[in-house]
Number of protein chains: 2
Amino acid sequence: MERVRKGERRSDPDGPRPLADAVLRLIWRERRISRASIAESGGLSRSTVSEVVNEILPTGLVNEVGLGESRGGRRPVLLEFQDDACVILGVEMGAAHVAVALTDLRGGVLAWETREHPVRTDPEGTRALIAELADACLENGVQEGRPLLGIGVALPCPFDPALPDELSTIVLPAWEGHLGLEGVGDRYGVPLMADNDANLGALAEHWWGAGRGADDLAYIKLATGIGSGHIIDGEIYRGATGVAGEVGHTAIDPQGKPCICGLKGCLVTLIGTPALLERAGELLSEHPDSVLAGRGFGIAELEEAALAGDAVAVEVAEEAAGHLGIVVAGLLNLMNPSMVVVGGDLAGLGELLLVPLRETARSRTLVSSVRAAEIRASELGPKSVAIGAATLVLKAALNDSRLFRAAETNATGSVGRREK
Amino acid sequence: MERVRKGERRSDPDGPRPLADAVLRLIWRERRISRASIAESGGLSRSTVSEVVNEILPTGLVNEVGLGESRGGRRPVLLEFQDDACVILGVEMGAAHVAVALTDLRGGVLAWETREHPVRTDPEGTRALIAELADACLENGVQEGRPLLGIGVALPCPFDPALPDELSTIVLPAWEGHLGLEGVGDRYGVPLMADNDANLGALAEHWWGAGRGADDLAYIKLATGIGSGHIIDGEIYRGATGVAGEVGHTAIDPQGKPCICGLKGCLVTLIGTPALLERAGELLSEHPDSVLAGRGFGIAELEEAALAGDAVAVEVAEEAAGHLGIVVAGLLNLMNPSMVVVGGDLAGLGELLLVPLRETARSRTLVSSVRAAEIRASELGPKSVAIGAATLVLKAALNDSRLFRAAETNATGSVGRREK
DNA sequence: AGTACTTGATTCGGTTACCGAACATAGTCT
DNA sequence: AGACTATGTTCGGTAACCGAATCAAGTACT
């Protein structure tokens, strides 16, 4: 078990408490653990652990919950992390919808609200909608007195946390380069933090979903656009300017269709949602017996048809898997993750997508350990990005427990909202 | 200026000294700095800095070298890092040659020895050759009494430092999976550490060459094979199993020539050294007036001809740049480094290679900040890998100065060799 | 030149965050 | 019952810092 990183001398009594935070993280990770086990796995003395734990207990994040099994001596007092001590809001801004999840401190979704909205063109309405859905989540999902820890926001565009006020004007021109969500955080008196949607999907799958235990993973989000998020050594990888993961515009076929980006044959022109629907339409002319024939259909219907074994839908999915496999192979060769998680529109197809995807990817990768990387479908499905947004806040609080302390003072008898 | 990471409590008097190491690193980085400036930029008190510096001075790694300019008060005593306090051996094992560099603590090459050798098929002879060249370097390049800090080794195959005894049997079958160089380290009584050659090329360019200041960079090594090394956040990135950077087998043309790896149209089948020579041969039949016509030529002659403006050679280089550009574009989109450094066989062509490379790469990348990544040629040329091997040792010592202390006790009056 | 002020370096006492030893507690094993 | 073992707490000790005071050596103003 890795040693706890010990703290440095503090001059400021309100400063960070590295050791207390490290112990809190350990308890969080183990869920239930005794003081003696903390000392052992953290490389600390029992006296220090006692001291630190007694500092943590009054926060309510950890409780003593009875005794464990004896290992030949006195039975240990079990400490348990209280997953419901706080709640977190995770907001997903899509290109054309908003979703809000309310989670506990273990990634569990307590409430979920989503609505279609022209996010790209209506910043003011989007801000109001986020507040509305957040209120709804807090009213439906919160038990009395549970403080709100913070709000995480997933953005459908590149985002550099180093420059939080510089939003990409390419994807969201109407937003004029700034998010303007400070008001939402102020409304509840909690911190607000943001990141790119694919990054947060990757984070969620790493913490709670298909990617548990994989410290180096790539998450590929298939939708209208195609992006990837990368976890490297357990942390979100953003690249030099925060725009890593623009995997959708990898050129597959130099002679392919022109893309909005100005290039030809980008992955997104082949397997972006519009391309999939168009391809299905093409195939329908040869297969008038398909269940999709003669009616309008969207990606949900296409997915359903594929699962039902419809020849056209299956063909579309297999072609998409082939194209995606080429890019995944390049990704494996270059970055050598231990896992690739596929999320978004087609992830629900499961093995129908994964089998041809794995075959293409593995036939195009060289080194055996690269080929050994697991390729899986998202476990969290459409909620992964919003859950990841909430996880961003949880991660920050576990790294600096002052966020927990700030939230406690914020607990209200009402739904957690604070009238200022 | 970033704060120095303060030390944890030590129970072991021979344990690591994080603060002393951090101060030493700061002095190394600034080269000349006063105690007061260390306190300021490290976020420490002057009293602590005095104490720590007085602990460092007796090691001889840092000396007081006179007074600096007054800033309105007493003139500061300047401390200077002694770049020549130790020497380091950097060994490059290629597929068919061995090179050894002796460097100081600032990446300066004090001696350089290289010889052709069938490394792949002759492990025992290679080990003896490494020892021979190392001896030669120490005899030529070392001033009396300079201790040897350690030996770094660059390997022409994937290497996972977590499993140092499992060598890829694909690239080096005759080595039977283990390096067997412990004897060389023992011979001089110093530690020996290894890594992949492209990783070490990246490290060298990041520390001393074209990549200085770029905390996220990719280094692409063009040779018989093609590999890349990646620096992420200032550290070598190895991926989950230590084989990241297998960029040579990215598929460019699914209908292309078969590659030794079993795929078709890999980058290496288009711009690996043999492919370049073959392509030049093809073009010669149409251009009998080329300076290359009617004689045998290797990559050095091809490079020379291109620099002289020979049409065939220039055409080969430009085609190669185009193929490489496609892969570089994918790399930029995926990993968003701030710089790409091209090293190896063609790097000497300079702008002749870089201009078409930049054009292809930039025309195939989307986000403006990705396109802003600089694409440069290696500054360290053929020595970069061996220098990087030495840098691996330097880096380790700067992270744990006990290595320096161990080396001091090892100083000999002779060439640094120790008869055991 | 003399004086006030500034910056640099050292000394020394104080504080913090840890450890270790001793002890109380509560279990198992024979 | 007695020996032994593991858990948790108390308490004194100490390494690794800081801060204030002091000495040192420069600049700036009068």
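This is a predicted model, so every value here is computed, not measured. Letters go in sequence order (proteins before strands), and every chain restarts at 1.
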Under the 3.5 Å rule, do the base of D:dG19 and the side chain of B:Ser47 count as making a donor-acceptor pair? yes
Can you measure [X] atom [atom1] to [N] atom [atom2] for me and round it to whole angstrom units?
X: A:Leu19; N: D:dA15; atom1: CG; atom2: C1'; result: 16 Å
X: A:Glu51; N: C:dT16; atom1: CD; atom2: C1'; result: 10 Å
X: B:Ile33; N: C:dA9; atom1: CD1; atom2: P; result: 10 Å
X: A:Ile38; N: D:dA6; atom1: CD1; atom2: C1'; result: 16 Å
X: A:Arg75; N: C:dA26; atom1: CZ; atom2: P; result: 12 Å
X: B:Leu57; N: C:dT10; atom1: CG; atom2: C1'; result: 14 Å

In this structure, which one of B:Asp104, B:Leu102, B:Ile387 forms a side-chain contact (heavy atoms from CB on, under 4.5 Å) with B:Val109? B:Ile387
To the closest 0.5 Å, what do you measure between CG (B:Asp195) and CD1 (B:Ile236)? 4.5 Å
From B:Ile88 atom CD1 to B:Arg146 atom CZ, the distance as rounded to the nearest 0.5 Å: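 B:Ile88 CD1 to B:Arg146 CZ: 13.5 Å, rounded to 0.5 Å.
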Residue whose closest nucleotide on DNA chain D lies nearer the 5' end, B:Val49 versus A:Gly73: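 Going by which nucleotide is closer to the 5' end, it is A:Gly73.
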[N] phosphate, OP1 or OP2: any side-chain N/O from [X] under 4.0 angstrom?
X: B:Arg35; N: C:dT10; result: yes
X: A:Arg71; N: D:dT7; result: yes
X: A:Ser45; N: C:dC19; result: yes

Students often mix this up, so state it plainly: with edges at 30° and 60°, are the rings of A:Trp28 and A:Trp207 parallel, tilted or perpendicular?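 Ring orientation, 0 to 90° scale: tilted.
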Let's see if you can work this out: which of [options] has an atom nearest to the side-chain heavy atoms of [X]?
X: B:Thr48; options: D:dG26, D:dC17, C:dT10; result: D:dC17
X: B:Arg74; options: C:dC18, D:dC23, C:dT28; result: D:dC23
X: A:Arg46; options: C:dA22, C:dG8, C:dC12; result: C:dA22
X: B:Ser50; options: C:dA9, D:dT7, D:dT27; result: C:dA9

Please determine, by modelled atom types, if B:Ser338 and B:Asp216 share a side-chain donor-acceptor pair under 3.5 angstrom.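 The answer is no; no qualifying pair exists.
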Give one of base, sugar-phosphate or nothing for B:Val77, where a contact means two heavy atoms less than 4.0 Å apart.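 Contact class for B:Val77: sugar-phosphate only.
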